[in-house]
Enquirer: 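To start, I am sharing the structure in question, which I have written as structure tokens.
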Amino acid sequence: MKPENIYIVSNRLPVTIMRTESGFTVTQSNGGLATALGSVFQQQNSYWIGWPGIIVDNEEEEQLVKELLEPLRCIPVFLSQQEFDGYYNGFSNAILWPLFHYHPGHCIFNEEYWLAYRNVNSKFGSVVSAHVPQDAFLWIHDYQLMLLPFYIKHSNLSYFHHIHFPSQEVFGIIPWRSDLLDALLKCRHIVFQTEKDRVNFKDACLKYASKAHPDLFNTHSPLGIKVSAHPISIDAFDFSQTVQKEVVQKMTQEIHQIFANQRIILSVDRLDYSKGILERLEAFRLLLKDFPQYREKLVLLMLVVPSRSDVPSYEEHKRKVDELVGNINSEYASLGWRPVHYYYQQVNRDTLCAYYAASDVCLVTSLRDGLNLVSKEYVACRTNNNGVLILSEMAGAAEELTYALKIHPYDFKQMVVAMVYALEMEKSEENARMTALKKKVFGYTVFDWLDTIFQEVFCMYDELKYSFEQNLSSELAERLMIRFKNADSRYILLDYDGCIRELEPYPEMASPGNDIKELLCALQSVPNTQVLLVSGRSRKDMDMWFADCGITLIAEHGAWFKDNEWGWTALTECRVQDNRALTTIMERYALVLEGSFLEEKTSGVCLHFKMCMRDQLAKTINKLENEITEHISKNSLSYRYKKTNELLEIHFSDCDKGQAIQKFVSFNKDAFILAAGDDDTDEDMFEALPKNAFTLKIGKKNTKAKIRVQNVGRFIEFLNHMAVTTVVK
Ligand code: ADQ
């Protein structure tokens, strides 16, 4: 289940426009945010607003770029060179980035940068206001746009912070700390990578936000803000499939051949001082010094993607990396061997995966990292369950990837020990660690991350339209309970078999126990609550079982409706003759199919064959279906089929559960509506309900319901919980 209409806003678009001799071309953007959200964006019916990566010269060029981006569902925010310098190179990357990664020495607190940041955030605001409908879900990403919420009027605003959020003392160094927090607090939903970030943010708000009130983070209060921590992930299956591609396997072999008889330690990052590249090189140099046996038998392969080369501290950093690589190579290289292979370039996904697959060790040395996707990508590419991940304890991913070898990135000696340990590790330990890591990475992919975020969105924003479904987690169950409790009026529409009662081989075996009846009575006794049992069962069964529960009954998939005042009402004229003719056909088949039996209803007839021997069953049922279809078309009848592994049911098409509900139930505006069912006939009910209804599908079948519940037991548990919730308003 996800919001239907999603607009992602981030500094950069997922694609970059480049100038060529003949005009412009489009390429993929690099960096963690683009990688992580890229796979999500492709799967969503969503739009993306951001800077296109190019400074255009005039309106004509703007128009050309817009046209290139439109089919990609990307909306550009154009910036002048001056704006870009002040907002991006300046405030974002010479103040926020270094400070958030605990490098205050790299900060340049320039008032001009702050003004540019404000100006560009307001420019983003104008583009958002011009393009994003008020009822859309607006999802802002990362530190470059912390002020954006201040410039827009949308209410369905969520924010995801990709980088580390520092302790409040460090955050407090920023002279404009209160403005940043006040703007961000206009979002009702703010998500961080780790629990540590979340706590740091809350501490900072309580200290510096100008409107910090005791209820600020109480989500039950109307002004409450939901602040949570959900680490981002990757499309792990896509990475592991890429590794299996023929072209990638060939590349992997080539890498092995080039480095024959040498072990490979791999690192992959943007050229950024927060990634600990210099520290990694120093540790590697120490390894070569202290463990000469590895000389000519080991390489450090560094894939470094250019990044922020306009920011002075990055230029300086690159110079230092180049120099150190040169020094190590000149110190230790021999005729046929170079210890450090340093590629300062972006490689494509296939090549990246080939390097991951070919390397014995992946070394992540971040001095501070919001999460670090590289560590997860390496694990996802280890299809043979071998390879060792060495991971800095300063990376957010260290909390999840507990089976990696952890290192302190400033402790060179410890890094050396970890590298040697990784290279000498017993195969059994290597496999055990990698298996455990893979379990984590494949068990929580970027899509799970997204589900978790959207579940929270669903609980926060009532007025959004949602599509697809989500699982009934305990948190969501709790939220539904609160909605139920606080509503002025409530409707609970329940299917019976397979929804509140487990399916049985024979329908008569599925009579309700006292527990079910008590549950329905308890729900019905909640003031201003109407419970409707909407079943395919006959009137007779429903009367026999539920007449004394005081609930409303809808029988035979909507053909009959019974309330306490009027008794049973037929929704449609009963077509007895048509029905009789069909029943006669089905009776013939019931006679030959041992173990089968017919259930006659006023709206149709149902052949149950769950207890039949399977060998001839399919053939006979096929024959029956052919005969029925022929009969129906000959007589121009309009019937509906329901066919499962256990039964074939035919009923009038002009009486389904949805139509029954539309005809008989008028829902109060703002009522709490919950509807649940397990089979196809319940889909009519889901579709007919008002958009704000909570629809729940029990079991695994395809559905239009918003929420999925694993099985009957879980659903009953949830209803029981709801029933005992005393209604106070
Ligand atoms: P980054 O700081 O960019 O991301 P990271 O999470 O490691 O850091 O993501 C880097 C991405 O760039 C990876 O997907 C990697 O494959 C890719 N990459 C790096 N070098 C490359 C190269 N030479 N060629 C091709 N691709 C390369 C920010 C935060 C992180 C957070 C992410 C996602 O700083 O902490 O994990 O966002 O939220």
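In listed order, ligands and their atoms are each counted from 1. Just so you know, these numbers use all the heavy atoms, side chains as well, and skip hydrogens, waters and symmetry mates.
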Enquirer: What I'd like to find out is whether the side chain of F160 reaches to under 4.5 Å of the side chain of I190, using heavy atoms alone.
Expert: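 With C-beta onward as the side chain, the pair stays apart.
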Enquirer: List every atom of ligand 1 that sits less than 4.0 Å from any heavy atom of G370, numbering the atoms from 1 in the order shown and giving each element.
Expert: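 Near G370, meaning under 4.0 Å from one of its heavy atoms, ligand 1 has 35 (O).
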Enquirer: Fit a plane to each ring of W176 and W114, take the angle between them on a 0 to 90° scale, and name the class: parallel (under 30°), tilted (30 to 60°) or perpendicular (over 60°).
Expert: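 Parallel, since the angle between the ring planes stays under 30°.
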Enquirer: Quick one: do L278 and H317 satisfy side chain to side chain contact (heavy atoms under 4.5 Å, CB included)? Show the steps, please.
Expert: CA-CA 9 Å; L278 291 173; H317 186 65; 3.6 Å; yes
Enquirer: Ring-plane angle category for F259 and H341, please: parallel below 30°, perpendicular beyond 60°, tilted otherwise.
Expert: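 The arrangement is perpendicular - the two ring planes meet at more than 60°.
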Enquirer: Look only at interatomic distance and state if K275 has a nitrogen or oxygen under 3.5 Å from any nitrogen or oxygen of ligand 1.
Expert: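 Yes, there is a polar N/O contact under 3.5 Å.
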Enquirer: Out of all atoms in ligand 1, which are within 4.0 Å of some heavy atom of Q193? Include the element for each.
Expert: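 Close to Q193: 31 (C), 38 (O).
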Enquirer: Which option wins on minimum heavy-atom distance to atom 18 (N) of ligand 1: L373, V268, I163?
Expert: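 The option holding the nearest heavy atom is V268.
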Enquirer: Heavy-atom contacts with V374 under 4.0 Å: which atoms of ligand 1 show up? List them by number with element.
Expert: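 Near V374, meaning under 4.0 Å from one of its heavy atoms, ligand 1 has 7 (O), 15 (C).
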Enquirer: Which word best sums up how the rings of F100 and Y143 line up, parallel for under 30°, tilted for 30 to 60°, or perpendicular for over 60°?
Expert: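 It falls in the tilted class, 30° to 60°.
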Enquirer: Please could you name the atoms of ligand 1 that R270 approaches to less than 4.0 Å, counting only its heavy atoms?
Expert: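 With R270 as reference, the close atoms of ligand 1 come out as 1 (P), 2 (O), 3 (O).
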Enquirer: Using a 4.0 Å heavy-atom threshold (strictly under), name the region of N348 that reaches ligand 1: side chain, backbone, both or neither.
Expert: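 Answer for N348: neither.
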Enquirer: Which atoms from ligand 1 have a heavy atom of D369 less than 4.0 Å away?
Expert: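 Going through ligand 1 atom by atom, the ones under 4.0 Å from D369 are 30 (C), 34 (O), 35 (O).
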Enquirer: Should you measure from each heavy atom of L352, which atoms of ligand 1 turn up under 4.0 Å away?
Expert: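 Listed by number with element: 16 (O).
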Enquirer: Report the part of V304 (side chain from C-beta onward, or backbone N, CA, C, O) that has a heavy atom under 4.0 Å from ligand 1; answer both or neither where that applies.
Expert: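 Only the backbone of V304 comes within reach of ligand 1.
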Enquirer: Establish, from distance only, whether the side-chain atoms of T383 and Q244 form a donor-acceptor pair under 3.5 Å.
Expert: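 Side chains of T383 and Q244: no pair found under 3.5 Å.
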Enquirer: Take the angle between the ring planes of F137 and Y461 and call it parallel below 30°, perpendicular above 60°, tilted in between.
Expert: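 The rings of F137 and Y461 sit tilted, inter-plane angle from 30° to 60°.
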Enquirer: Has ligand 1 got any nitrogen or oxygen that is less than 3.5 angstrom from a nitrogen or oxygen of W97?
Expert: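 Among all N and O atoms of W97, none is under 3.5 Å from an N or O of ligand 1.
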Enquirer: Kindly identify the option in Q346, H161, Q345, E377 whose heavy atom sits closest to atom 13 (C) of ligand 1.
Expert: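 Going through Q346, H161, Q345, E377 one by one, E377 has the nearest heavy atom to atom 13 (C) of ligand 1.
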Enquirer: Which of parallel (below 30°), tilted (30 to 60°) and perpendicular (above 60°) describes Y47 and Y7?
Expert: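 Answer is parallel, since the angle falls under 30°.
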Enquirer: Check this for me: does any side-chain nitrogen of one of R319 and E323 sit under 4.0 Å from a carboxylate oxygen of the other?
Expert: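 Looking at E323 together with R319, the answer is yes, because their closest N to O distance falls below 4.0 Å.
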Enquirer: Below 3.5 Å, N or O to N or O, backbone or side chain included: is there any such pair between L371 and ligand 1?
Expert: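 Yes: some nitrogen or oxygen of L371 is under 3.5 Å from one in ligand 1.
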